[in-house]
Amino acid sequence: MFPRPWGANSASAEEQERFTWENLILHFEGHRRGITVSDDELERQINEFLKGNKQTFTRRGDPDAYQKWVKEYIGETPDLFENQTRYLVQIAKVRDLIWNDVQVTVTEEEMQQEFLNEKHHVGGEMVIFDSREEAQAFYEKHKSRRAWEKMKAADRKKPEKERRVRPVSTMTLEAYIELWGIPKEQIYAFHAGEIGSVAPPMPFGSSQWCVYRLLDKRSGDLADFPKERDRYREQIDYKNRLKAQRAKIDELIASANLKVFVDRDSAAGGS
């Protein structure tokens, strides 16, 4: 029902289950710490929800329209909807409290690394595989420039939907590290390669692999770093704080000693 960042209506069943357990534990932690949600906080959140759903009225401004909309659009009573909203706001306040409590440091090395991650770019073309073994076998056969060009020429003759070689737009190394899941050392080695070279198999997302040919690259210069230093300090502080917050939440979940007695699949099957 609620979109991210507080809800999980677009998540898989497994993600929803993890999200639900985490929220229940954080909600209990909120009660343990005496964290409450005021009527004004509830009002603000519900009004944001209404605005996000293109409604022009507010909860207090037009109670009749608000109650009618909740019943028709949400399919719940206003009391139940408000209880759910209060639950999520309380959890968000616990997350904020943990965020503010964590202590992090930012080093010069981290800031410079972040700078280069954003300033270094690579682009080219690749072939995608479902397993590392397939990608490795393809790489061994086509890692020379001559073999790649021969394969690519044959690929061009196929109907477009059957072609294997895909162009890759020039992107920052940070995008490859964070979105594709390529290890930092591997993408930096690729960036250092010669134009036209073919790299060993790299991860492509969570479950696939690719063999990537380098056709374009740009390089950052640390001489330009000082004028952007403050911005990178803020970025690293945010990233380190996010990691520290996640670690604290994971510690809290572990300390709850959660035990699941009926798994989701069994419950769905009625056993």
Side-chain angles (χ1 to χ4, degrees), residues 1-104 178-179 231 234-235 237-265 267-268:
M1 178 185 302
F2 293 90
R4 293 183 188 273
W6 288 3
N9 62 359
S10 60
S12 66
E14 291 78 8
E15 290 173 324
Q16 287 182 2
E17 185 168 347
R18 286 193 297 271
F19 179 83
T20 300
W21 283 122
E22 180 174 308
N23 272 2
L24 287 168
I25 292 168
L26 288 173
H27 185 248
F28 180 80
E29 179 68 7
H31 280 297
R32 194 183 70 81
R33 296 193 184 197
I35 296 173
T36 59
V37 179
S38 70
D39 288 341
D40 286 343
E41 288 173 322
L42 178 65
E43 177 76 11
R44 282 195 297 271
Q45 187 54 44
I46 288 178
N47 289 343
E48 285 184 22
F49 187 82
L50 292 169
K51 185 178 179 181
N53 283 277
K54 299 181 172 55
Q55 302 305 307
T56 57
F57 54 84
T58 62
R59 173 173 169 262
R60 289 175 180 166
D62 192 339
D64 292 339
Y66 161 70
Q67 293 188 27
K68 183 175 184 292
W69 182 83
V70 170
K71 291 175 183 176
E72 293 179 353
Y73 181 77
I74 305 296
E76 294 183 351
T77 65
D79 285 346
L80 179 55
F81 172 66
E82 289 169 14
N83 187 55
Q84 290 176 307
T85 304
R86 193 182 295 274
Y87 169 80
L88 291 177
V89 172
Q90 184 186 34
I91 292 166
K93 290 179 74 172
V94 175
R95 290 181 184 275
D96 288 344
L97 187 62
I98 295 171
W99 176 275
N100 292 327
D101 283 347
V102 296
Q103 300 295 318
V104 299
E178 296 189 355
L179 301 180
R231 179 167 74 85
E234 291 177 4
Q235 283 187 207
D237 179 82
Y238 177 82
K239 286 187 175 183
N240 289 352
R241 194 171 290 276
L242 197 63
K243 291 177 185 176
Q245 182 200 44
R246 182 69 256 173
K248 288 292 184 181
I249 291 174
D250 288 343
E251 286 178 15
L252 187 63
I253 293 171
S255 71
N257 295 315
L258 171 67
K259 292 181 176 63
V260 180
F261 294 99
V262 179
D263 64 49
R264 175 174 40 80
D265 294 335

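FYI, the numbering just counts along the sequence from 1. Only this structure's heavy atoms are used, side chains among them; waters, hydrogens and symmetry mates stay out.
- Considering only residues two or more places apart in sequence or on other chains, Arg231 meets the side-chain hydrogen bond (donor to acceptor under 3.5 Å, both in side chains) condition with Glu228, Gln235.
- Atom CG of residue Leu26 and atom CD1 of residue Ile35 lie 9.5 Å apart, to the nearest 0.5 angstrom.
- Scanning for side-chain hydrogen bond (donor to acceptor under 3.5 Å, both in side chains) contacts around Lys68 gives Glu72, with sequence neighbours left out.
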(request) Check the pair Thr77 / Val70 against side-chain contact (heavy atoms from CB on, under 4.5 Å), numbers first and verdict last. (result) CA-CA 7 Å; Thr77 65; Val70 170; over 6 Å; no

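- Between Tyr238 atom OH and Arg241 atom CZ the span is 11.0 Å, to the nearest 0.5 Å.
- Side chain of Glu15 to main chain of Ser12: a donor-acceptor pair is present (N/O by atom type, distance under 3.5 Å, no hydrogens or angles).
- Residues satisfying the side-chain hydrogen bond (donor to acceptor under 3.5 Å, both in side chains) test with Tyr73, not counting sequence neighbours, are Asn53.
- A 4.5 Å side-chain heavy-atom check between Tyr87 and Leu24 finds at least one atom pair inside the cut-off.
- When the salt bridge (charged side-chain N to carboxylate O under 4.0 Å, His left out) test is applied to Glu82, the partners found at least two apart in sequence or on another chain are Arg59.
- Under 4.0 Å is where a charged nitrogen must lie from a carboxylate oxygen, and between Asp250 and Lys243 no such pair does.
- Residue Lys51 qualifies as open at atom NZ: its count of foreign heavy atoms under 6.0 Å is 12 or below.
- Contact annotation: the side chain of Lys259 approaches that of Asn257 to within less than 4.5 Å [non-hydrogen atoms, C-beta and beyond].
- When the ring pair (Phe, Tyr, Trp, His ring centres under 6.0 Å) test is applied to His31, the partners found at least two apart in sequence or on another chain are His27.
- Residues satisfying the side chain to side chain contact (heavy atoms under 4.5 Å, CB included) criterion with Leu50, sequence neighbours excluded, are Ile46, Asn47, Gln55, Phe57, Tyr66, Trp69.
- The salt bridge (charged side-chain N to carboxylate O under 4.0 Å, His left out) test applied to Asp79 returns no partner, not counting sequence neighbours.
- Under the side-chain hydrogen bond (donor to acceptor under 3.5 Å, both in side chains) criterion, Glu48 pairs with no residue at all, not counting sequence neighbours.
- Listed by chain and residue number, Arg60 satisfy the salt bridge (charged side-chain N to carboxylate O under 4.0 Å, His left out) test with Asp40 (two or more places apart in sequence, or in another chain).
- Taking Glu41 as the reference, Val37, Ser38, Arg44, Lys93 meet the side chain to side chain contact (heavy atoms under 4.5 Å, CB included) condition, with sequence neighbours excluded.
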In residues 95-104, what donor-acceptor pairs under 3.5 Å come from side-chain atoms, sequence neighbours left out?
from   : atom 1 : to    : atom 2 : distance (Å)
Arg95  : NH1    : Glu22 : OE2    : 3.3
Arg95  : NH2    : Glu22 : OE2    : 2.6
Asn100 : ND2    : Asp96 : O      : 3.2

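- Between Gly30 and Val94, the shortest heavy-atom distance links the atoms CA-CG2, 3.5 Å.
- Gln45 places no side-chain N or O within donor-acceptor distance of the main-chain N or O of Val89, the cut-off being under 3.5 Å.
- For the salt bridge (charged side-chain N to carboxylate O under 4.0 Å, His left out) test, no residue two or more places apart in sequence or in another chain qualifies with Asp62.
- Inter-residue side-chain proximity for Phe49 and Ile74 is flagged as met; some heavy-atom pair is nearer than 4.5 Å.
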